[in-house]
Amino acid sequence: MKNLKTLLLIAVFTLGLGGVANAQKMGHIDFEKLVADMPQTTKLKADMEKLGKTYQDEVEGMAKKLDAKMKKYTQEQNTQTKEINEIRAKEVQQENARYEQLRQTAYQDMQKKQAEGLQPIIEIAQKAIEEVAATKGILYVLDASVGKGVLVKKGEDLYAAVKAKLGF
């Protein structure tokens, strides 16, 4: 029985030291900064700005046409019949609804395209981090982005190594 306790104590002590040794194999990286600094992200941002400008021009053009029509109809309302004014009011309501639909669709499309464009960039960054960590024998990598809760950064900062691995 005494030998069993001794063996158990030795096993716990050995496992405990192994856990301490493994705990030292930690690293950290500012993931948000890495993704923001990647050339693919810069290209995505430029593409999104171009698409946003296209949508903005389209929405503004529609708004100008709607505004001009409303001014015209307002000026002419006293010279038109009640029926014509009602038809025009419905027409303006329908065009206003189309305008709002265009704005909403543009916004949703921009969000969707940004998410679709960002996903492969994130995957590339994660793969590079995994490869660098494996090369350096690091078992845990913490995200050191602002607001993520990492208070002490005693592990290795992998930012430079991952940046070099990605070639930028």
**Student:** What closest approach, in Å, do Gly117 and Pro120 show between heavy atoms, and which atom pair accounts for it?
**Tutor:**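 Shortest heavy-atom separation between Gly117 and Pro120 comes out as O-CD, 3.4 Å.
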
**Student:** Mind listing the closest non-hydrogen atom pair of Ile124 and Gln40 along with its distance?
**Tutor:**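 Ile124 and Gln40 have their closest heavy atoms at CD1-NE2, 3.9 Å.
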
**Student:** If you look at every heavy atom in Leu166 and Ala128, which pair is closest and at what distance?
**Tutor:**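 That would be CD2-CB, 3.6 Å.
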
**Student:** Is Lys25 close to Tyr140 at the side-chain level, that is, under 4.5 Å between some pair of heavy atoms?
**Tutor:**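 No, too far: nothing below the 4.5 Å cut-off.
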
**Student:** Using 0.5 Å steps for rounding, measure from the CG atom of Leu44 to the NZ atom of Lys113.
**Tutor:**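 Going from the CG atom of Leu44 to the NZ atom of Lys113 covers 11.5 Å.
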
**Student:** Looking at side-chain heavy atoms only, is the closest gap between Thr41 and Lys45 below 4.5 Å?
**Tutor:**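 The answer is no; the side chains never approach within 4.5 Å.
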
**Student:** For the pair Met110 and Gln114, evaluate side chain to side chain contact (heavy atoms under 4.5 Å, CB included) and give the outcome as yes or no after the intermediate values.
**Tutor:** CA-CA 6 Å; Met110 293 275 298; Gln114 185 168 9; over 6 Å; no

**Student:** Between Glu91 and Lys69, does any NZ, NE, NH1 or NH2 come within less than 4.0 Å of an OD or OE carboxylate oxygen?
**Tutor:**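 Between Glu91 and Lys69 there is a salt bridge, with a charged N closer than 4.0 Å to a carboxylate O.
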
**Student:** For Met70, is the CE atom crowded, meaning more than 12 foreign heavy atoms sit under 6.0 Å from it?
**Tutor:**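 Open: at most 12 neighbouring heavy atoms sit under 6.0 Å from CE of Met70.
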
**Student:** Quick check for you: to the nearest 0.5 Å, what is the distance between Leu158 atom CG and Lys165 atom NZ?
**Tutor:**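 The NZ atom of Lys165 is 13.0 Å from CG of Leu158, to the nearest 0.5 Å.
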
**Student:** May I ask you to check whether Glu130 and Gln126 show a side-chain donor-acceptor distance below 3.5 Å?
**Tutor:**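 Glu130 vs Gln126: no donor-acceptor pair found between side chains.
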
**Student:** Side-chain donor-acceptor pair under 3.5 Å between Gln104 and Gln108, yes or no?
**Tutor:**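 On atom types as modelled, these side chains do not qualify, holding no pair under 3.5 Å.
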
**Student:** Let me check something: do Ile121 and Met48 share a hydrophobic cluster, defined by ILVMFWY side-chain heavy atoms less than 4.5 Å apart, either directly or through other members?
**Tutor:**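 Linked within one cluster.
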
**Student:** Between Asp143 and His28, is there a side-chain heavy-atom distance shorter than 4.5 Å?
**Tutor:**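 Sidechains of Asp143 and His28: no contact.
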
**Student:** Once you round to the nearest 0.5 Å, how far does CE of Met38 lie from NZ of Lys163?
**Tutor:**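 These two atoms lie 12.0 Å from each other.
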
**Student:** Under 4.0 Å between a side-chain nitrogen and a carboxylate oxygen: does that hold for Glu95 and Lys65?
**Tutor:**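 Looking at Glu95 and Lys65, the cut-off is not met.
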
**Student:** Answer yes or no: are there more than 12 heavy-atom neighbours, outside Tyr107 itself, under 6.0 Å from its atom OH?
**Tutor:**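 Result for OH/Tyr107: open.
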
**Student:** Would a 4.5 Å heavy-atom cut-off, applied to side chains only, mark Lys33 and Asp37 as touching?
**Tutor:**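 Contact flag for Lys33/Asp37 side chains = yes.
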
**Student:** Using 0.5 Å steps for rounding, measure from the NZ atom of Lys127 to the CD1 atom of Ile129.
**Tutor:**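 Here the interatomic distance stands at 13.0 Å.
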
**Student:** Any idea which heavy atoms bring Met26 and Leu142 closest together, and the distance?
**Tutor:**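 So the two residues come closest at CE-CD1, 3.6 Å.
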
**Student:** Any chance you could measure Ile29, atom CD1, to Leu34, atom CG, to the nearest 0.5 Å?
**Tutor:**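 Ile29 CD1 to Leu34 CG: 4.5 Å, rounded to 0.5 Å.
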
**Student:** What's the spacing between Tyr99 OH and Lys64 NZ if we round to 0.5 Å?
**Tutor:**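 Spacing of OH (Tyr99) from NZ (Lys64) equals 11.5 Å.
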
**Student:** So Tyr55 and Thr105, side chain to side chain contact (heavy atoms under 4.5 Å, CB included) or not? Walk me through it.
**Tutor:** CA-CA 10 Å; Tyr55 278 134; Thr105 301; 5.8 Å; no

**Student:** Provide the closest heavy-atom pair for Ala125 versus Val35 in the form atom of the first, atom of the second, distance.
**Tutor:**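 Smallest interatomic distance, heavy atoms only, reads CB-CG2, 4.1 Å.
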
**Student:** Please examine the side chains of Lys90 and Glu86, heavy atoms only from C-beta on, and report whether any two atoms are closer than 4.5 Å.
**Tutor:**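 A side-chain contact under 4.5 Å is absent here.
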
**Student:** Contact between Ile122 and Phe31 at the side-chain level, heavy atoms closer than 4.5 Å - yes or no?
**Tutor:**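 Yes, close enough: below the 4.5 Å cut-off.
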
**Student:** If hydrophobic clusters are built by linking Ile, Leu, Val, Met, Phe, Trp and Tyr wherever their side-chain heavy atoms come under 4.5 Å apart, do Val162 and Phe168 end up in the same one?
**Tutor:**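 In one cluster: yes.
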
**Student:** Locate the shortest heavy-atom distance separating Gly27 from Ile138; write the atom from each residue and the value.
**Tutor:**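 The pair with the smallest heavy-atom distance is N-CG2, 3.5 Å.
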
**Student:** Just so I know, are the side chains of Glu76 and Ile84 near enough to count as touching, which here means a heavy-atom distance under 4.5 Å?
**Tutor:**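 Not touching, per the 4.5 Å side-chain cut-off.
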
**Student:** Between Glu100 and Arg103, is there a salt bridge with N-O shorter than 4.0 Å?
**Tutor:**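 Glu100 and Arg103: salt-bridged.
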
